[in-house]
Amino acid sequence: MRAGPSQEDIRRHNLGALLRHVHLGGPISRAELTSRMGLNRSTIMALTSDLTAAGLVREELPRETGRAGRPSLVVRPESSRVYVFAFDVGPDRLVAARVGLGGVILDRRELPRRRGPFELPELVGALAGFARQMRRKTRPDTVCVGAAAAVAGGVRKGDGVITFGPNLMKPHQEVPFGEELGRRLGLGLPVSVGNDANLGALAEHSRGLGVSVKDLIYLHGDVGIGGGIIAGGHLLGGHDGYGGEVGHMVVNPGGRACGCGSHGCLEAEVGERALLEAAGRAKSDQNGDAQQGKHGREAVRAVVDAADRGDIVAQEALKRVGDWLGLGVANLINIFNPEMVIFGGMLREIYLGSAARVRSQLTLHAMTPQRERLRLRTSALADDATLVGAAELAFAHVLADPLEVLARAGG
């Protein structure tokens, strides 16, 4: 007969649940915690006391009560003391941030990146250097409880190895990115690694437009296109961690060549390269890649702006990619029946410039019951969605077992 959870297991679970409320929802009164968690007041008081003693939260009187009687203490995250490092590795930029408990970005560094395959020592050296700069500015009583990175590539579940990334790596490479970055950081903490679109979905679900949405799809565009799928409130990862590679869903068999080796992928028909070439704004080199200075989110925004001003070529380019984007989204809607689809990265601009074409394709190809209550939105977290997702991935450990993780970090 299987034994039930021990008192220590229950305590650990309740501590994590309470800290999650404070981390994601911000300052909250003991009375509201009692109501939300379904626990009695004395249990909530004991849990907040433990978290306060550990330096994870603090309690204080509310600024205004508006009620007679003794006010309920407000529990606040110790954002300036407890933090994680979050990293974002994209085709065009490297970002590092120190993010406090509660999701507050305390410090940040960003560096443009020249496109092409990265060299691992150079890449992790730059990120670790950013972390050292930010750490030198912290107070002596601060503690780092985790680190995580979002990367524009496929990440194998469990070991943080990047196994493919057409816009970041050479073909057929396996890069132990998490292990090497952890070694260079020298914090004694593992570095979690996740696909950028998956972490963008996690961020929107935790802190963006999808906070109350249990089924959503986040589509992220940089050079290519990725997707993160929240189903029933949980991130769909797949057997080996590669779930959500919607950019390599074939929408136009025999169409444009894709970096993955196939043809007609959503990424190939909708991505930055397809838009700029259709708009006559991409001069390609001998390898077929857009030259430096002729690409990036600013180039995509320029096409959308030109279309708004009446540029016929730009308008036709947006119609073309909008049709393929709409077809891809229709397929996803028919399969997953999401409540919301969120466009992030460069897809924010592309969707805003081609929304009518996208909706037209949904009318033609998405089943009526699936699209009736669907909401299409652009990311509330904008360019920071993937970075915020990396921070949430880093905080996952401390939220699962607050006291154990803090004790290990402090040691």
Task: Contacts of Val95 that satisfy side-chain contact (heavy atoms from CB on, under 4.5 Å) - sequence neighbours left out - done: Asp88, Arg93, Arg108, Glu110, Leu387

- [ ] Give a yes or no on this: more than 12 heavy atoms of other residues, nucleotides or ligands lie within 6.0 Å of atom CD of Glu60.
- [x] yes

Task: Thr163-Tyr242 side chain donor-acceptor pair, cut-off 3.5 Å - done: yes

TODO: Say whether Ser379 and His220, considering side chains only, have a donor N or O and an acceptor N or O under 3.5 Å apart.
DONE: no

Open item on the list: Under the criterion salt bridge (charged side-chain N to carboxylate O under 4.0 Å, His left out), I'd like the reasoning laid out for Asp107 against Arg109: C-alpha separation, chi angles, the key distance, then a yes or no.
Closed with: CA-CA 7 Å; Asp107 200 351; Arg109 301 286 189 279; 2.6 Å; yes

Task: Shortest non-hydrogen contact from Val313 toward Ala278 - done: CG1-O, 3.8 Å

TODO: Go through the structure and list residues passing side-chain hydrogen bond (donor to acceptor under 3.5 Å, both in side chains) with Asp141, not counting sequence neighbours.
DONE: Arg139

Task: Residues that Arg377 engages under salt bridge (Lys or Arg N to Asp or Glu O under 4.0 Å), provided they are two or more places apart - done: none

Open item on the list: Looking only at side-chain N and O atoms, does Glu269 offer a donor or acceptor that is under 3.5 Å from a partner on Asn252?
Closed with: yes

Task: Residues forming a salt bridge (Lys or Arg N to Asp or Glu O under 4.0 Å) with Arg36, sequence neighbours excluded - done: Glu32

Open item on the list: Applying salt bridge (Lys or Arg N to Asp or Glu O under 4.0 Å), can you list everything that pairs with Arg98, at least two apart in sequence or on another chain?
Closed with: none

Task: Option among Leu332, Val270, Leu266, Ile229 that satisfies the side chain to side chain contact (heavy atoms under 4.5 Å, CB included) test with Leu219 - done: Leu332

Task: Sole residue of Arg297, Arg301, Arg281, Arg115 in salt bridge (charged side-chain N to carboxylate O under 4.0 Å, His left out) with Glu272 - done: Arg115

Open item on the list: More than 12 heavy atoms of other residues, nucleotides or ligands under 6.0 Å from CD of Glu122: yes or no?
Closed with: no

Task: Residue pairs fulfilling salt bridge (Lys or Arg N to Asp or Glu O under 4.0 Å) with at least one residue in residues 186-212, sequence neighbours excluded - done: Arg207-Glu392

Task: Over 12 foreign heavy atoms within 6.0 Å of CZ, Arg320 - done: no

